2 protein chains.
Amino acid sequence: MRRLLELQQKLLPDLIQVLRQRYMLLRSIYHLQPIGRRGLAQAMDTTERILRAEVELLKETGLLHVTAAGMSLSEEGQQVLDDMEPLVGDLFGLTDLAERLQKKLGISEVIVVQGNADQSPWVKEELGRVGARVLKQVVQEGDIVAVTGGSSIASVASHLTPSASFKNVQFVPARGGLGERVELQANTLASAMAAKTGASYRLLHVPDRLHPEALQTLVKEPQVQDVLSLLGETRIVLHGIGDAVTMARRRNYSEEELAELVETGAVSEAFGYYFNEAGETVHRMPTIGLQLEEVHKAETVLSIAGGESKAKAILSFAKQSCQNVLITDEGAAYTLLSARL
Amino acid sequence: MRRLLELQQKLLPDLIQVLRQRYMLLRSIYHLQPIGRRGLAQAMDTTERILRAEVELLKETGLLHVTAAGMSLSEEGQQVLDDMEPLVGDLFGLTDLAERLQKKLGISEVIVVQGNADQSPWVKEELGRVGARVLKQVVQEGDIVAVTGGSSIASVASHLTPSASFKNVQFVPARGGLGERVELQANTLASAMAAKTGASYRLLHVPDRLHPEALQTLVKEPQVQDVLSLLGETRIVLHGIGDAVTMARRRNYSEEELAELVETGAVSEAFGYYFNEAGETVHRMPTIGLQLEEVHKAETVLSIAGGESKAKAILSFAKQSCQNVLITDEGAAYTLLSARL
DNA sequence: ATATACAGGGACATAAAACGTCCCGATCAA
DNA sequence: TTGATCGGGACGTTTTATGTCCCTGTATAT
């Protein structure tokens, strides 16, 4: 049954949404019947008119009848309500998860997609799709969008589509070279996103593993300066969250460096910063780019990370309390919620 | 699954309608790809603009991709189309038709596709697509599949795809030359099916309109004997059903022969046999190949015929009561059901 | 190589639908 | 009887959907 829903959702993306709404409407009427339009609208936190359209539809279908005293469920409506019961779990599981995560992590908006990115590859695609949708919603003309590397963000890039909202938007890589594969690097993704949306982009060309002195020289370059100052005006940060050890490995840390990192208690990584469980910065990649305080200044910080393996990292990064939106999956969500506190 | 659809039909009739449309759109694109907006709009009898909105949505969902040559289904779109197959019957009320036909004709499985093959050319394609799917399901390693000629079976051939199920399968023409156009002959189709699926095939080279004596000689040929003995082990018969007069005309019967045929009461034709309304053999094409009793021995007899013009013929052939699966269309189904008895 | 037909995407005026808002007579409960 | 609340009607406004045309690029046939 769940498969059917997934299938249908590919053809009707907002099917679940509508199904939820109608179900809640039916349920509310059941609890409040007989109830008038206005009262119901208030109870459901919607407007009178919009509710009216829904009600008219359900009335035509014969799920509710209308008397002078107000609306109430017909027998068939009652039946439908009962029949839907087994669906409700699937239908609302995610919303419920999201709300609980929201409270636990103190993030203003949490979106949970189905599945576990560690197990099913399509979940990462779903994270990307949702990420792209959210970005499209929050982006405004002329925005600076700082993007990091990583497969989750790459997935967002692949799901972006052109839209008027991206007018004069600039995608800027959050950090210089971090030693990852080129197709997952911030530079690559910034350019990919620009290409997909019709926006423009900047690059931050910083060789990997540069000596600190060389870095200092590089920072003074006008081209680099230019990008850094743009990053200072970042309005939206789009980033992934990594498990500290995994990220360090991917970035070819030596065993000694790795041991050192573990010693500091690092559990999460984002834009080159490594954080411990308390959310304190314990290590930084030797490169230039977006500073942590600039992330805090950004209006929207959009974090994307899925898979139960990311749970600890997500919890750690959430301590930054600068995230506005977290997009994750069931795998991570369940693990997070089952963890202590 | 069916219950969920019923529920949804009650709770979101509007969306289910949209689901139908989208499905049909996907299917049309499949049949016509690559196809442009305008051509598609015409084919689907809708306007360019309205189709465009739909297409944009499906594109965002990733179900189809767009090239300079036109639109075509993505792999995912293809997958969705396949996955939806079991839904289609319920979605369009065809399951009900199928069940009624099943009872009336006494066939173990009936599948009804939308439309009327007499009116819309794509219906024949659809019959072929479904036929190919069913064949793929029933076929087993090492099977002998006897195939006849005709446009319906040709359509099946064009929709077959490689699959592990076709390992060591042999496609064998059910009958020798029947005087039809070469692209619709059994020989051609057997070879086409083998090519499409990666299976092997045999040919039955029998010149049209051979004298009975010459036929007897031919039968003794080792090559021919070989194929005939293979036909004796036929496990699956894949055949079309024709209207007797139409088939005779197509096979260049003289007016006298035709009159004679009509005289006998022939109404249907299949693998060179002509049957009357009672299902009795009243005439045979002078050629060699699969015998009627061998058809009865086959485990699966898959009949494909659509269009209201075929209704009488389908009813006649059903009297053989050896069919396992009948694939037909709405046109034939309604006509069959409205007929007496 | 070149012509041609057809592809998708952009643009824009207009039609249509959705929505917010108010009003009205009917109805029910007190 | 009265007062609150009901559903349904009406209507202006906003948003969305739709019809229509044009443009540029690209396959394909010549």
Side-chain angles (χ1 to χ4, degrees), chain A residues 11-14 17-18 21-22 25-26 28-74 77 133 136-137 140-141 160-169 194-199, chain B residues 12-15 17-22 24-26 28-74 77:
Chain A
L11 283 178
L12 294 96
D14 44 22
Q17 183 63 23
V18 177
Q21 273 180 22
R22 301 249 164 101
L25 176 57
L26 233 52
S28 296
I29 294 177
Y30 167 75
H31 283 303
L32 301 170
Q33 62 187 327
I35 175 79
R37 235 176 23 216
R38 287 165 264 260
L40 188 54
Q42 201 170 359
M44 296 192 60
D45 194 32
T46 177
T47 71
E48 180 192 333
R49 195 62 182 75
I50 201 167
L51 191 138
R52 194 168 169 176
E54 294 288 288
V55 160
E56 262 161 23
L57 197 143
L58 291 186
K59 197 171 57 182
E60 275 188 31
T61 323
L63 298 189
L64 56 83
H65 40 68
V66 170
T67 69
M71 301 168 277
S72 44
L73 289 192
S74 70
R133 186 173 54 77
K136 203 166 172 177
Q137 278 172 1
Q140 286 174 17
E141 184 174 338
L160 280 170
T161 52
S163 157
S165 331
F166 288 105
K167 198 174 170 187
N168 293 328
V169 165
K196 285 271 191 179
T197 56
Chain B
L12 356 120
D14 45 351
L15 286 193
Q17 183 56 36
V18 176
L19 188 62
R20 289 196 190 97
Q21 276 177 19
R22 301 248 164 98
M24 291 197 293
L25 175 57
L26 229 54
S28 295
I29 293 178
Y30 167 76
H31 282 305
L32 300 172
Q33 62 187 331
I35 177 77
R37 243 178 12 218
R38 288 165 260 261
L40 189 54
Q42 201 171 359
M44 296 193 63
D45 195 31
T46 176
T47 71
E48 178 192 333
R49 193 60 181 79
I50 201 168
L51 191 140
R52 192 167 169 178
E54 295 288 289
V55 159
E56 263 161 21
L57 196 141
L58 291 187
K59 200 171 54 183
E60 274 191 32
T61 323
L63 265 42
L64 55 84
H65 40 66
V66 169
T67 70
M71 301 168 275
S72 43
L73 290 193
S74 71

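What you see below is based on every heavy atom in this structure, not just the backbone, and it leaves out hydrogens, waters and symmetry mates. Proteins come first, then strands; the chains are lettered A, B, ... in the order of their sequence lines, and each starts at number 1. What you are looking at is a predicted structure, and each value in this text was computed from that prediction instead of being measured.
- Between atom CD of residue Gln21(B) and atom CD of residue Glu54(B) there is a gap of 6.0 Å, rounded to the nearest 0.5 Å.
- Residue Pro13(A) comes nearest to Thr61(B) through the heavy atom pair CG-OG1, 4.5 Å, listed as atom of the first residue, atom of the second, then distance.
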Polar-atom pairs under 3.5 Å, protein N or O versus N or O of nucleotides 5-7 of chain D: list them with distances, or write none.
{"unit_1": "dC6(D)", "atom_1": "OP1", "unit_2": "Gly36(A)", "atom_2": "N", "d": "3.1"}
{"unit_1": "dC6(D)", "atom_1": "O4'", "unit_2": "Ala68(A)", "atom_2": "O", "d": "3.3"}
{"unit_1": "dG7(D)", "atom_1": "OP1", "unit_2": "Ile35(A)", "atom_2": "O", "d": "3.4"}
{"unit_1": "dG7(D)", "atom_1": "OP1", "unit_2": "Met71(A)", "atom_2": "N", "d": "3.2"}
{"unit_1": "dG7(D)", "atom_1": "OP2", "unit_2": "Arg37(A)", "atom_2": "N", "d": "2.7"}
{"unit_1": "dG7(D)", "atom_1": "N7", "unit_2": "Arg38(A)", "atom_2": "NH2", "d": "3.0"}
{"unit_1": "dG7(D)", "atom_1": "O6", "unit_2": "Arg38(A)", "atom_2": "NH2", "d": "2.7"}

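- Distance Lys196(A) NZ to dG9(C) P: 13 Å, rounded to the nearest Å.
- The line from CZ of Phe166(A) to NZ of Lys136(A) is 7.0 Å long, rounded to the nearest 0.5 Å.
- Distance check, rounded to the nearest 0.5 Å: OG of Ser72(B) to CG of Leu64(B) gives 7.5 Å.
- Residue Leu57(A) contributes atom CG, which lies 10 Å from atom P of dA18(C) at whole-angstrom precision.
- Nearest approach of Leu40(B) to Ser28(B), heavy atoms of both residues: CD1-CB, 4.0 Å.
- One finds the CD atom of Gln17(B) at 12.5 Å from the CG atom of Leu12(B) (value rounded to the nearest 0.5 Å).
- With values rounded to the nearest 0.5 angstrom, Leu63(B) atom CG is found 7.5 Å from Leu73(B) atom CG.
- Rounded to 10 degrees, the angle separating the terminal helix axes of the helix from dA1(C)-dT30(D) to dA30(C)-dT1(D), each built from five base pairs, is 40°.
- Closest non-hydrogen pair, Leu25(B) versus Met44(B), comes out as CD1-SD, 3.5 Å.
- Side-chain N or O atoms of Ser74(B) include one that pairs as donor or acceptor with a backbone N or O of Gly62(B) at under 3.5 Å.
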Write out a two-atom table: protein N or O, nucleotide N or O from nucleotides 17-20 of chain D, distance below 3.5 Å.
{"unit_1": "dG19(D)", "atom_1": "OP2", "unit_2": "Thr47(B)", "atom_2": "OG1", "d": "2.3"}
{"unit_1": "dG19(D)", "atom_1": "O6", "unit_2": "Arg49(B)", "atom_2": "NE", "d": "3.2"}

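- Taking atom CD on Glu56(A) and atom C1' on dG9(D), their separation rounds to 11 Å, with Å as the unit.
- The structure places CZ of Arg37(A) at 8.5 Å from CD of Glu56(A), a figure rounded to the nearest 0.5 Å.
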